[in-house]
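As the structure is a computational prediction, the values presented were derived from the model and not from experiment. Naming: A, B, ... by sequence-line order, numbering from 1 per chain.
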Amino acid sequence: MARILITSALPYINGVKHLGNLIGSQLPADLFARYNRGRGNEVMFICATDEHGTPAELAAAKAGQPVAEYCAELHDVQADIAKRFGLSFDYFGRSSSPQNHRLTQHLAAKLAENGLIEEVSEKQVYSIDDGRFLPDRYIEGTCPNCGHEGARGDQCDECTKQLSPTDLIDPYSTVSGSKNLEVRETKHLFLRQSKLRDVLDEWISSKTDWPILTTSIAKKWLHDGDGLRDRGITRDLDWGVPVPGMEGKVFYVWFDAPIEYIGATAEWAEANGLDDAAWERWWRTDKGADDVRYVQFMGKDNVPFHTLSFPATIMGSGEPWKLVDYIKSFNYLNYDGGQFSTSKGRGVFMDQALSILPSDYWRWWLLSHAPENSDAEFTWENFQASVNKDLADVLGNFASRVTKFCRSKFGEVVPDGGTYGPEEQALIDTLDKRIKAYNTHMDDMEVRKAASELRAIWVAGNEYLQAAAPWAKFKDDPDAAAAVIRLSLNLIRLYAVLSAPFIPDASAALLKAMNTDDDSWPDDVTQALETLPAGHTFTVPEVTFAKITDDQREEWQEKFAGKRE
RNA sequence: GGGCCUGUAGCUCAGUUGGUUAGAGCAGAGCGCUCAUAACGCUUUGGUCGCAGGUUCGAGUCCUGCCGGGCCUACCA
């Protein structure tokens with residue numbers, strides 16, 4: 001039994017995430033976790049809210065709440081939505097947890113011991129009226145290059161020129177609009193990543209099986225200009241993991257966030273009344289994590305931190321922490337010709353999605369269209385067509401036609417009689433081949449390919465049923481029809497098991513209708529199709545997937561075009 | 001500006017180390033079935049593989065240039 005550690009990129013705390021965020025990390029991670037559990041592997045699936053940083057402080061201020069309270073509240077909101085989306089985290093932690101505080105400070109101390117931390121004095125813009133230092137992009141003004149008035153302190157969007165806040169004409173704080181700014185000297189800790197460049201380069205180069213998206217971004221950072229640069233890992237903020245010995249400073253959110261993968265596993269142990277050994281066997285190669293395979297899921301914007309910064313932290317600590325084995329990264333999902341936009345309220349957010357349709361509809365569409373090779377696009381037409389065809393017609397209707405036919409001819413019980421012949425054997429051979437392909441795609445995290453293979457497995461059932469035509473056989477040979485239906489009812493159970501990673505709720509409903517809790521993964525198809533014996537009772541399931549009507553589609557199209565309160 | 005990714009049937013996408021008539025699903029057309037959520041099955045119409053050159057016996061697949069789309073470029077996270 002393999003042991004698989006899975007982490008999904010941490011969703012940032014400042015609000016409900018949209019479908020693009022979901023398909024970029026949490027959902028494919030959940031697919032992989034559910035599949036591996038289904039196959040009997042030992043899985044630890046970890047996620048958490050990323051709670052530190054300037055945006056969290058500002059969002060809290062805007063909401064008129066203390067930041068700790070704000071984060072606690074938003075964490076619960078996100079946790080609830082994640083649960084309703086069927087995201088099966090073993091633990092959904094918080095980067096503000098005491099565990100993460102301890103680990104972050106511990107690792108920083110180790111890095112310092114190893115000469116990988118450097119104190120640097122730099123000048124930054126301080127907003128007197130806001131009472132805080134401002135990151136470059138929270139300062140705006142007129143671009144000295146093109147005269148654009150909304151240029152940010154890091155770059156002008158109009159002419160794309162790289163800027164520094166002091167270049168701006170008439171700069172002001174985007175937090176308050178105040179122009180009462182001054183440049184102050186402040187000390188910060190830098191992680192000397194440059195010293196680890198060769199080690200990281202060699203490590204990345206050895207990962208020939210990683211997605212190109214992952215390795216190309218990492219190599220760009222390693223080789224661009226003077227190569228991997230040192231990175232500031234502290235900020236002048238109140239909310240965060242305090243830097244020991246540096247009053248008023250906390251670690252940079254991108255330093256502590258990945259450490260929370262470990263922290264959240266420690267939170268899991270505590271929440272379950274377990275000792276440190278319970279989580280260390282996932283994370284310390286000297287304490288049992290030797291045989292763990294660690295897989296990370298994330299959107300492409302997160303790749304540099306996971307391929308370079310976090311590994312630098314791990315390697316630089318000199319301690320035997322578990323390094324990632326595989327990084328699965330995703331492109332972006334766009335919304336109907338443009339980007340999802342939190343600020344403009346464009347697109348569908350997780351809570352809204354659940355308010356109009358069950359999670360399985362979203363899970364199926366998103367996963368079967370996962371942006372693996374390039375950016376993908378959500379359109380309502382495509383969503384409606386895919387979901388209606390795949391889920392309602394191909395899968396849902398299969399369960400419906402089989403169970404209803406059985407009920408009317410034999411009652412709600414698996415019928416006895418008849419024998420299997422060449423048609424059944426041909427179906428079994430097809431399924432055997434396709435399930436093997438499905439397993440392989442799932443093992444490889446080829447999400448779209450796995451989805452299309454699963455769909456082909458559903459189609460095989462309809463093909464068989466059409467050819468076997470039990471409604472015709474029943475007229476002069478009821479036993480022959482019984483054999484077909486017995487097999488088909490078992491097929492429903494098999495489909496529920498195989499489909500569970502994609503559509504867990506529907507799968508559970510089908511298993512319940514089939515009156516079984518045997519959800520063992522089919523290693524032997526013939527055997528799997530004998531699970532429900534003659535005489536086993538079942539019930540006809542409710543409509544598994546209702547179709548999306550044209551009226552609904554048009555209504556939603558209108559509703560989500562823009563402006564979310 | 002630099003780097004990377006991408007452009008294949010109306011739509012969404014597969015196309016392995018270059019090898020015979022370029023594939024799938026959806027949509028369209030025809031036929032069949034009537035158990036079923038007007039569902040299912042079978043057959044079938046669609047492509048000078050962004051454009052132009054080049055390498056090769058042979059290129060969707062390799063090289064060069066151009067055009068279009070996207071992402072990243074280190075203080076948002």
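- Checking the phosphate oxygens (OP1, OP2) of B:A14, no side-chain nitrogen or oxygen of A:R448 falls inside 4.0 Å.
- Two residues, A:A385 and A:S374, neighbour RNA chain B, and the one matched to the more 5' nucleotide by heavy-atom proximity is A:S374.
- Ring geometry, A:F133 versus A:Y126: the interplanar angle exceeds 60°, so the pair is classed perpendicular (tilted spans 30 to 60°).
- Between the side chains of A:Q124 and A:E122, at least one donor N or O sits under 3.5 Å from an acceptor N or O.
- Checked against the 6.0 Å centroid threshold, A:F545 and A:W364 do not count as a close aromatic pair.
- For the C1' atoms, the distance from B:U6 to B:A27 is 25 Å, rounded to whole Å.
- To the nearest whole angstrom, the two P atoms, one in B:U64 and one in B:A77, are 39 Å apart.
- Within the structure, every pair that satisfies the side-chain hydrogen bond (donor to acceptor under 3.5 Å, both in side chains) test and touches residues 457-467 of chain A, not counting sequence neighbours, is listed here: A:R401-A:N462, A:R401-A:Q466, A:E424-A:Y464, A:W458-A:S499.
- When the nucleotides B:C35, B:G2, B:A77 are ranked by their closest atom to the side chain of A:T54, B:A77 comes out on top.
- You'll find that the side chain of A:N382 is closest to B:C11, out of B:C40, B:C11, B:C76.
- If you check B:G41, B:A36, B:C4 against the side chain of A:V459, the one that comes closest is B:G41.
- Between A:K547 and B:A39, a side-chain N or O to OP1/OP2 separation shorter than 4.0 Å is present.
- The listed nucleotides are B:C75, B:C40, B:G70; the one nearest the side chain of A:K300 is B:G70.
- Going from the P atom of B:G19 to that of B:U61 covers 11 Å, rounded to whole Å.
- Across B:G70, B:A36, B:A74, the shortest atom-to-atom separation from the side chain of A:D375 is found for B:G70.
- For the C1' atom pair drawn from B:U56 and B:A24, the interatomic distance equals 31 Å after rounding to whole Å.
- Nearer the 5' end of RNA chain B, as judged by each residue's closest nucleotide, is the contact made by A:V543, out of A:V543 and A:D301.
- Nucleotides B:C62 and B:G1 have their C1' atoms positioned 28 Å apart, rounded to a whole Å.
- Contact annotation: A:Y252 does not reach the phosphate of B:C76 (side-chain N/O to OP1 or OP2, under 4.0 Å).
- Checked by distance alone, A:E372 brings no side-chain donor or acceptor within 3.5 Å of a matching partner on the base of B:C13.
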Quiz prompt | Secondary-structure string, 5' to 3', Watson-Crick or G-U under 3.5 Å, | for another-strand partners, for RNA chain B | solution = (((((((..((((.....[...)))).(((((.......))))).....(((((..]....))))))))))))....

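- Applying the 6.0 Å contact sphere to CD of A:E185 captures more than 12 heavy atoms from other residues, nucleotides or ligands.
- With hydrogens and angles ignored, a donor-acceptor pair closer than 3.5 Å exists between the side chain of A:N397 and the base of B:A36.
- A sub-4.0 Å separation between OP1 or OP2 of B:A14 and a side-chain N or O of A:N373 is present.
- Phosphate proximity of B:U73 to A:R229: absent, as no side-chain N or O sits under 4.0 Å from OP1 or OP2.
- Phosphate proximity of B:C40 to A:K389: present, with a side-chain N or O under 4.0 Å from OP1 or OP2.
- Of the side-chain N and O atoms in A:K449, none sit less than 4.0 angstrom from OP1 or OP2 of B:C13.
- Between the C1' atoms of B:U45 and B:G10, the separation comes to 12 Å (whole Å).
- In this model, the phosphate group of B:C76 is approached by a side-chain N or O of A:R137 to a distance below 4.0 Å at OP1 or OP2.
- A:W221 pairs by the ring pair (Phe, Tyr, Trp, His ring centres under 6.0 Å) definition with nothing, not counting sequence neighbours.
- Residue A:R407 places no side-chain N or O under 4.0 Å from the OP1 or OP2 atom of B:C35.
- Relative orientation of the A:W362 and A:F383 rings is parallel, given thresholds of 30° and 60° on the angle between their planes.
- A:G299 comes within 4.0 angstrom of no nucleic acid atom, judged by non-hydrogen atoms across all strands.
- Residue-level contact check: A:E381 touches neither bases nor backbone, having no heavy atom under 4.0 Å from any strand.
- B:G58 takes the anti form, because its glycosidic angle lies more than 90° either side of 0.
- Side-chain to base pairing of A:Q466 with B:C42: no donor and acceptor N or O lie closer than 3.5 Å to each other.
- Residue side chain A:F405 fails the stacking definition with respect to B:C35, as its ring centre and the base's six-membered ring centre are not both under 5.5 angstrom apart and under 30 degrees in plane angle.
- Here the CD1 atom belonging to A:I492 is positioned 9.0 Å from the OG atom belonging to A:S400, to the nearest 0.5 angstrom.
- Under 4.0 angstrom from either OP1 or OP2 of B:C5 there lies no side-chain N or O belonging to A:Y332.
- Comparing the same atom, P, in B:A29 and in B:G2 gives a spacing of 50 Å after rounding to whole Å.
- Between A:R94 atom CZ and A:N100 atom CG the span is 11.5 Å, to the nearest 0.5 Å.
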